[in-house]
Amino acid sequence: MPEGHVLHREARLQSTKLVDHPLRAESPQGRFTTGAEAVDRQRLITIEARGKHLFYRFENDLTIHVHLGLFGKFRHQQLPFPEPSANARLLLSSDTDRVHLAGPTTCRLLEPDDVDNVLRRLGPDPLCRPVDGASQMASALGRRTVPVGRALLDQRAIAGLGNIYRSELLFLAGLDPFVPANVVSSDDIAKLWDLSVSQLRSDERSGRIVTVDPAVVGKTSRSRLVRDERLYAYKRHGEPCRVCSDTIRTAKIDDRNIWWCPSCQAKN
DNA sequence: GTGTCATGCGTAT
DNA sequence: TACGCCTGACACG
């Protein structure tokens with residue numbers, strides 16, 4: 001489930017196990033052998049997340065850059081380590097813990113300048129709490145005439161949102177996904193930013209995306225929500241809106257599905 | 001068992 | 001706009 005909250009959670013959890021240790025780095029699959037050898041037995045200095053990107057910086061100044069894409073997955077393993085799967089792109093192991101990476105879109109070695117180049121292409125990340133995040137986002141969206149539902153996936157406008165968050169955040173903000181981004185009011189963009197900050201922080205802690213207010217479905221806490229009760233719009237095509245009972249609709253924007261409630265999201 | 005789809009994104013056309 | 005890449009879950013027969 002690789003939207004931004006997942007990468008920050010991975011950075012946090014992996015850091016407690018791997019940072020400050022000299023690590024064994026291997027690529028059983030063989031597609032990252034040279035990169036793994038370049039950091040093998042080096043001490044890991046930091047693991048940092050920005051948007052959907054992860055950066056492992058080693059003491060020799062080399063950085064492993066990971067982007068999970070649609071399919072990438074991390075597994076956390078402890079001694080005795082199980083046999084790695086045949087498609088394990090990267091294994092990072094301390095004496096006691098191992099992180100197993102399979103299926104990433106990106107897993108490559110970067111020099112410090114290359115890291116800066118990747119970061120320059122990313123907008124503000126709600127989980128990094130930049131003080132001017134809302135205004136950076138407003139300035140990026142203000143230049144776009146595409147639907148706001150499309151602009152939210154542009155990682156230069158705001159880094160870390162994926163297809164689930166774009167449907168859910170637009171629902172929470174009450175915004176019509178098809179309104180041009182440059183027509184959305186600055187108040188509504190500020191609202192989208194604030195919702196992104198609170199939503200991703202909460203989901204980073206729990207490890208899952210839950211946007212529904214538990215009271216709306218008659219529950220007393222987030223943790224009591226079952227799988228089908230966690231979201232307002234995403235993949236709920238044809239079902240009644242949890243707030244107003246109108247029918248949730250779906251359409252494609254740039255060949256990716258978006259879901260919305262035509263009544264709750266009439267604002268533009 | 002096979003086919004389809006998916007929480008992503010870069011490149012080519 | 002279309003395709004390629006990478007993997008796993010699920011529907012269907």
Side-chain angles (χ1 to χ4, degrees), chain A residues 1-11 27-33 35-36 49-55 64-76 82-91 99-108 110 114 117-123 125-127 140 144 146-147 149-172 177 195-196 199-204 206-212 227-238 248 250-260:
Chain A
M1 309 174 185
E3 299 201 22
H5 68 298
V6 169
L7 284 301
H8 281 266
R9 183 176 169 87
E10 287 294 336
S27 180
Q29 178 197 44
R31 290 186 52 186
F32 189 58
T33 303
R50 182 78 73 87
K52 301 171 192 168
H53 300 254
L54 214 47
F55 302 92
I64 295 179
H65 172 213
V66 170
H67 190 294
L68 294 178
L70 206 46
F71 313 122
K73 270 195 182 59
F74 284 111
R75 285 177 234 176
H76 295 240
E83 189 68 19
S85 71
N87 53 23
R89 184 80 56 89
L90 173 65
L91 300 178
V99 166
H100 176 297
L101 171 66
T105 283
T106 300
C107 177
R108 58 175 179 163
L110 297 182
D114 305 325
N117 287 334
V118 175
L119 294 178
R120 259 196 291 277
R121 296 202 307 268
L122 296 174
D125 178 335
L127 288 175
R144 307 295 305 277
V146 299
R150 171 175 167 180
L152 282 187
L153 289 187
D154 183 344
Q155 303 297 301
R156 294 169 298 189
I158 175 170
L161 303 188
N163 208 26
I164 298 178
Y165 279 129
R166 79 157 164 180
S167 284
E168 294 300 309
L169 292 169
L170 286 169
F171 180 93
L172 292 171
L195 284 167
S196 303
Q199 190 64 48
L200 270 73
R201 286 184 86 196
S202 160
D203 297 337
E204 190 275 336
S206 68
R208 61 169 70 120
I209 300 176
V210 180
T211 55
V212 168
R227 175 181 286 275
D228 287 347
E229 295 174 328
R230 293 175 189 155
L231 304 175
Y232 281 111
Y234 179 79
K235 281 197 174 167
R236 296 195 67 243
H237 175 52
I248 299 293
T250 187
K252 295 234 184 210
I253 297 181
D254 266 5
D255 214 36
R256 299 191 75 190
N257 295 313
I258 186 165
W259 292 262
W260 78 101

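Since the model is a prediction, treat every value here as computed from it, not as a measurement. Values reported hereafter were calculated over all heavy atoms of this structure, with side chains retained and with hydrogens, waters and symmetry mates removed. So that the names make sense, note that chain A is the first sequence line, chain B the second, and so on, each numbered from 1.
- When the P atom of B:dA6 is taken as reference, atom NE2 of A:His237 falls 12 Å away, rounded to whole Å.
- A:Arg236 is not listed as a side-chain neighbour of A:Trp259, based on a closest heavy-atom distance of 4.5 Å or more.
- To the nearest angstrom, C1' of B:dC9 lies 13 Å from CG of A:Leu68.
- Straight-line distance from the CD1 atom of A:Ile258 to the P atom of B:dT7: 11 Å, rounded to whole Å.
- Atom CG of A:Asp254 and atom P of C:dA2 are 11 Å apart (whole Å).
- Nucleotide B:dG10 holds its P atom 7 Å from the NE2 atom of A:His67, rounded to whole Å.
- A:Leu119 has its side chain within reach of A:Phe55: a pair of non-hydrogen atoms, C-beta onward, lies under 4.5 Å apart.
- Using a 30° and 60° split on the angle between ring planes, A:Tyr232 and A:Phe171 fall in the parallel class, below 30°.
- The distance between atom CG of A:Leu70 and atom P of B:dA6, rounded to the nearest whole Å, is 9 Å.
- Looking at heavy-atom distances under 4.0 Å, A:Gln29 makes contact with sugar-phosphate atoms alone, never a base.
- Note that CG of A:Asp125 is 9.0 Å distant from CG of A:Leu161, once rounded to the nearest 0.5 Å.
- The nearest whole Å value for the distance from the NZ atom in A:Lys235 to the C1' atom in B:dT7 is 8 Å.
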